[in-house]
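Remarks on the structure that follows.
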Amino acid sequence: FPFYRDQFIISNSNIIVPEYQSIEQLTKDFIASNAASFAIFADQAYPAPPNLVWVPTGLLFRLYNTDTETLDPDEYFTDNERLFASYQNPLSGALGQYRHVMLADILRVYARARTAVGNSLFKLGKITQAREYFEHAFNLIEDPASMALLIQSDVELSKCARARELFEQNSSRFSKAPLFLTAGALLYERCFNDGKRADFYISESKKYERTLPPLPEL
């Protein structure tokens, strides 16, 4: 709102707040105007100029300039280990036993952050460390996506027996989860060269993919 913008400018004279017609325009222009002067963190990956990219960092996202900055895998892992160690363990209190209370949604925040950082570590080639983050996420929220990532990590690490054990242990409860079934296909194709079984799980995953109705024509 204009009154908030005016007050913000008075209180933060060193930060550039551009004029804007929409929130999306404000976000992009605000980031572009201040990224060279400040480290920018956000709770989600907001629209940004093409040379800037959001990287999961702890519970937040940090903005990196791909023209001037590089992401060192070891430093990235160390930074995130420090950050997560500084947070309170969400399972240390009542949430360790009672998951039905409203406060339990905080577990999704931590699990989502763990998964996001794990995905970045995976892309940076730190598969073992990525797996640890996926395991943390699954311990918070036992969902098929985290389990699929655990299996995928084990396949990448050539831990085929462990991957198959995880898949078989969870097959019954995640039998209609496309991501989990796709991980099973990867497992049997990459680890056991079983194309027939891999095709079966791909076929099964397609049965349960969510399909959205077509949008009405305007």
Side-chain angles (χ1 to χ4, degrees), residues 15 27-28 30-32 34-96 99 103-159 162-163 166-167 170 174 177 179-180 182-183 186-187:
I15 296 178
T27 306
K28 287 183 178 180
F30 181 83
I31 290 170
N34 293 283
S37 304
F38 299 95
I40 298 180
F41 293 83
D43 62 335
Q44 58 182 288
Y46 290 96
N51 64 318
L52 302 177
V53 61
W54 294 103
V55 178
T57 305
L59 293 176
L60 299 174
F61 289 81
R62 181 180 179 180
L63 197 67
Y64 282 82
N65 188 325
T66 56
D67 293 337
T68 60
E69 296 178 282
T70 57
L71 196 62
D72 179 83
D74 293 324
E75 289 182 8
Y76 178 70
F77 174 68
T78 301
D79 287 344
N80 278 284
E81 286 290 278
R82 174 182 54 80
L83 286 168
F84 279 101
S86 72
Y87 302 148
Q88 181 179 356
N89 180 358
L91 296 177
S92 63
L95 292 177
R99 304 291 180 93
L103 187 62
D105 194 58
I106 192 65
L107 298 178
R108 297 190 183 279
V109 175
Y110 278 83
R112 183 179 59 205
R114 285 280 188 178
T115 299
V117 172
N119 279 325
S120 294
L121 288 167
F122 195 98
K123 293 175 183 176
L124 291 168
K126 300 189 79 65
I127 312 301
T128 300
Q129 293 85 347
R131 189 189 189 281
E132 293 174 3
Y133 275 73
F134 298 146
E135 189 170 29
H136 273 290
F138 187 77
N139 288 337
L140 294 171
I141 302 289
E142 295 187 355
D143 72 327
S146 296
M147 180 51 61
L149 290 167
L150 274 171
I151 293 169
Q152 183 180 352
S153 298
D154 281 341
V155 170
E156 194 70 23
L157 292 167
S158 298
K159 300 289 185 180
R162 184 169 67 183
L166 285 175
F167 184 74
N170 293 278
F174 297 146
L179 286 175
F180 177 78
T182 302
L186 178 72
L187 163 67

For Ala35 and Ile40 the tightest heavy-atom approach is CA-CD1, 3.8 Å
Rounding to 0.5 Å, atoms CG (Leu157) and CD1 (Ile127) come to a distance of 6.5 Å
For Ala137 and Ala111, the nearest pair of non-hydrogen atoms, with its separation, is CB-O, 3.6 Å
- May I ask you to decide if Leu52's main-chain N or O and Asn65's side chain share a donor-acceptor pair within less than 3.5 Å? no
Rounded to the nearest 0.5 angstrom, the CZ-CZ distance for Phe138 and Arg114 is 15.5 Å
Those residues at least two apart in sequence (or on a different chain) that pass side chain to side chain donor-acceptor pair (under 3.5 Å) with Lys126 are Asp74
Tightest non-hydrogen contact, residues Leu83 and Gly58, listed as CD1-N, 3.8 Å
Rounded to the nearest 0.5 angstrom, the CD-CG distance for Glu75 and Asp79 is 7.0 Å
Report the C-alpha distance between Tyr110 and Asn89 in whole Å, list the side-chain angles of each, state the deciding distance to 0.1 Å, and finish with yes or no for side-chain contact (heavy atoms from CB on, under 4.5 Å). CA-CA 9 Å; Tyr110 278 83; Asn89 180 358; over 6 Å; no
Separation between CG (Asn80) and OG (Ser120), nearest 0.5 Å, reads 8.0 Å
When rounded to the nearest 0.5 Å, the distance separating CG of Leu63 from OG1 of Thr57 is 10.0 Å
For residues 141-159, the side-chain hydrogen bond (donor to acceptor under 3.5 Å, both in side chains) pairs (sequence neighbours left out) are Arg131-Asp154, Glu142-Arg173, Asp143-Ser146, Asp154-Arg162, Glu156-Arg190
Sequence neighbours excluded, the answer for salt bridge (Lys or Arg N to Asp or Glu O under 4.0 Å) partners of Arg108 is Asp105
- Message: Are more than 12 heavy atoms, taken from residues, nucleotides or ligands other than Gln88, located less than 6.0 Å from that residue's CD atom?
- Response: no
dist Phe180:CZ -> Phe174:CZ (nearest 0.5 Å) comes out at 7.0 Å
Tightest non-hydrogen contact, residues Ala45 and Phe61, listed as N-CD1, 4.2 Å
Residues at least two apart in sequence or cross-chain that pass ring-ring contact (aromatic ring centres under 6.0 Å, His included) with Tyr87, listed by chain then number, are Phe84
Side chain to side chain donor-acceptor pair (under 3.5 Å) filter on Asp43, not counting sequence neighbours, yields Tyr46
Residues passing the side chain to side chain donor-acceptor pair (under 3.5 Å) test with Glu81, sequence neighbours excluded, are Tyr133
Q. So do the side chains of Pro56 and Val117 get within less than 4.5 Å of each other, counting heavy atoms only?
A. yes
In short, Leu166 meets Met147 closest at the heavy-atom pair CB-SD, 4.0 Å
- Would you check if Phe77 and Leu124 make a side-chain contact, meaning some heavy-atom pair closer than 4.5 Å? no
Any side-chain heavy-atom pair from Thr182 and Leu179 closer than 4.5 angstrom?
no
Nearest heavy-atom contact between Pro47 and Ile31 is O-CD1, 3.4 Å
Do Leu149 and Asn119 have side chains that approach each other closer than 4.5 Å (heavy atoms only, starting at C-beta)?
yes
